[in-house]
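One structure is given below, encoded as structure tokens.
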There are 2 protein chains.
Amino acid sequence: MLGILGGDDRCPIARSLDVLGEKWTIMIVRDALAGVTRFGDFQSSLGIPRDVLAARLGSLVEGGVLERRDYKPEGGRRREEYLLTAAGRELSLILLALGNWADRHRPSPRNSRMRFLDSETGATAQAVAIAAGAVIPSERIVTRIEDAAVG
Amino acid sequence: MLGILGGDDRCPIARSLDVLGEKWTIMIVRDALAGVTRFGDFQSSLGIPRDVLAARLGSLVEGGVLERRDYKPEGGRRREEYLLTAAGRELSLILLALGNWADRHRPSPRNSRMRFLDSETGATAQAVAIAAGAVIPSERIVTRIEDAAVG
DNA sequence: TTAGTTGAGTTTGAAAAGCAGATCCAGGTG
DNA sequence: CACCTGGATCTGCTTTTCAAACTCAACTAA
């Protein structure tokens, strides 16, 4: 499942997209962050084809975002559920940035019903860039390729 | 081009993915943020099929991330180039969050050669969540669906 | 013990998207 | 005018997506 985009492994964005870049993957992570753990719950929440869901859950496990764990529902057989790893939980920052961007630039006809909050204070959460401890506007973010000739 | 994921327009993440969620799209934005503007430069940088590139540039224009503008190279015919809009430039925060995540959780064998910097100070930039003016760890970001019964 | 039940995947066949390469096309230049 | 060049489309093939039907294991109920 590595390298779906030509696999430039020097680019961290390409490496993130190796895990997250396929159709449905980020929506599965969104549901997982909202507490969904079971195959059928992902399926009915997203309306995703079952075979695609099985493939995506597999590559998220392989990519270290989810892990499978046994669970036993009362009056049912033992099954597996999908839990976020520490790495997976850190994706909430990416989803926050995606959500903030849509709220600013893709307003919905019926207004957005999803809010991002700080679980401790209840205050609205927002993604920002910082450099040297201070918040900077996103226009000041630049990428530099360290072209240090190898060898 | 709307609603590739079932189109839950109440979810801001789904609305972002309507524009950004298809294969290659975020890589195109990455190149655009690095200064690429021309069809052929995107094509040779990414190795993307030309028909797919034309389709993606079109949906990025339609989605308000890029805009087409005429330009005239010396000694060549008039052509069009693709420039980021203000909304497109704000995507740098999302790419920063993606890049930070990969650097932490998907280290490359040959170490990452891409750095994100503050263009004013040269300091390393990082994406974080803030709430009520203070930085909060990503585990504290929670989503709440405002289920206010309409009507 | 044997027949249902139920949730989690797999299989199947058709539709859509992706792909590499060839082609087209407009408007320059020699 | 013939030719070149960058931008985009067309062609035939492969891969992915999709919806629906099917399998499968382990519970429960009779």
Side-chain angles (χ1 to χ4, degrees), chain A residues 1-8 14 17-28 31-32 35-63 66-83, chain B residues 1-8 14 17-28 31-32 35-63 66-83:
Chain A
M1 184 48 55
L2 259 91
I4 61 174
L5 294 172
D8 182 354
L17 294 176
D18 277 346
V19 187
L20 304 171
E22 285 180 299
K23 195 170 177 182
W24 296 111
T25 304
I26 289 184
M27 295 298 278
I28 293 170
D31 274 17
V36 174
T37 61
R38 282 143 64 166
F39 189 97
D41 292 340
F42 286 110
Q43 205 280 321
S44 58
S45 161
L46 296 172
I48 177 177
R50 308 173 73 80
D51 58 344
V52 175
L53 177 56
R56 291 298 176 278
L57 290 171
S59 48
L60 283 170
V61 168
E62 197 186 341
L66 296 176
E67 61 188 358
R68 265 182 264 260
R69 203 174 56 176
D70 286 350
Y71 80 101
K72 173 78 175 66
E74 63 292 11
R77 58 175 283 201
R78 199 172 42 74
R79 295 199 167 274
E80 290 185 319
E81 63 187 345
Y82 296 88
L83 300 179
Chain B
M1 185 50 55
L2 257 93
I4 61 173
L5 293 172
D8 182 353
L17 294 177
D18 278 346
V19 187
L20 304 172
E22 285 180 299
K23 198 172 177 182
W24 295 111
T25 305
I26 289 185
M27 295 298 279
I28 292 170
D31 274 16
V36 174
T37 61
R38 282 144 61 167
F39 189 96
D41 292 340
F42 286 111
Q43 205 280 320
S44 58
S45 160
L46 295 172
I48 177 176
R50 308 173 75 82
D51 58 346
V52 176
L53 176 57
R56 292 299 177 278
L57 290 171
S59 48
L60 284 170
V61 168
E62 196 186 342
L66 297 177
E67 61 188 358
R68 263 182 266 258
R69 204 174 56 176
D70 287 348
Y71 79 102
K72 173 79 174 63
E74 64 294 10
R77 57 174 285 200
R78 199 171 43 71
R79 296 200 166 276
E80 291 186 318
E81 63 187 346
Y82 297 88
L83 299 179

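Chain identifiers are assigned alphabetically (A, B, ...) following the order of the sequence lines, protein sequences preceding nucleic acid strands; residue numbering begins at 1 within each chain. None of these values were measured; they are calculated from a predicted model.
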Taking the basic N atoms (NZ, or NE/NH1/NH2) and the acidic carboxylate oxygens, is any pair closer than 4.0 Å for B:R69 and B:E81?
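Counted as a salt bridge, because a side-chain N and a carboxylate O are separated by less than 4.0 Å.
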When the distance from [atom1] of [X] to [atom2] of [N] is rounded to whole Å, what number comes out?
{"X": "B:L53", "N": "C:dA17", "atom1": "CG", "atom2": "P", "value": "17 Å"}
{"X": "B:L46", "N": "D:dG7", "atom1": "CG", "atom2": "P", "value": "14 Å"}
{"X": "B:Q43", "N": "C:dA22", "atom1": "CD", "atom2": "P", "value": "14 Å"}
{"X": "A:E22", "N": "C:dG18", "atom1": "CD", "atom2": "P", "value": "12 Å"}
{"X": "A:R78", "N": "D:dA25", "atom1": "CZ", "atom2": "C1'", "value": "10 Å"}
{"X": "B:D70", "N": "C:dG27", "atom1": "CG", "atom2": "P", "value": "11 Å"}

Summarise protein proximity over nucleotides 1-12 of chain C in one line of letters, 5' to 3': B for base, S for sugar-phosphate only, - for none, counting protein heavy atoms closer than 4.0 Å.
-----BBBBBBB
The test is side chain to side chain contact (heavy atoms under 4.5 Å, CB included); show your working for B:T25 and B:V19 and say whether it passes.
CA-CA 8 Å; B:T25 305; B:V19 187; 5.7 Å; no
Would you compute the distance between atom NZ of A:K23 and atom NZ of B:K23 and round it to the nearest 0.5 angstrom?
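Output value for this atom pair is 13.0 Å.
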Nearest 0.5 Å, please: how far is CZ in A:R78 from OH in A:Y71?
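Reported value, rounded in 0.5 Å steps: 11.5 Å.
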Looking at C:dC19, I'd like to know if its phosphate oxygens (OP1 or OP2) sit under 4.0 Å from a side-chain N or O belonging to B:W24.
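Answer is yes, contact under 4.0 Å.
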May I ask you to verify if any side-chain N or O of B:K23 is less than 4.0 angstrom from the OP1 or OP2 atom of D:dT16?
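Result: no.
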Non-neighbouring partners of B:V36 that pass side chain to side chain contact (heavy atoms under 4.5 Å, CB included), sequence neighbours left out
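Testing B:V36 for side chain to side chain contact (heavy atoms under 4.5 Å, CB included), a comparison that skips the adjacent residues, returns B:D31, B:D41, B:F42.
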Going by atom types only, do A:Y82 and A:R68 share a side-chain donor-acceptor pair under 3.5 Å?
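There is such a pair (donor and acceptor under 3.5 Å, judged by atom type) between the side chains of A:Y82 and A:R68.
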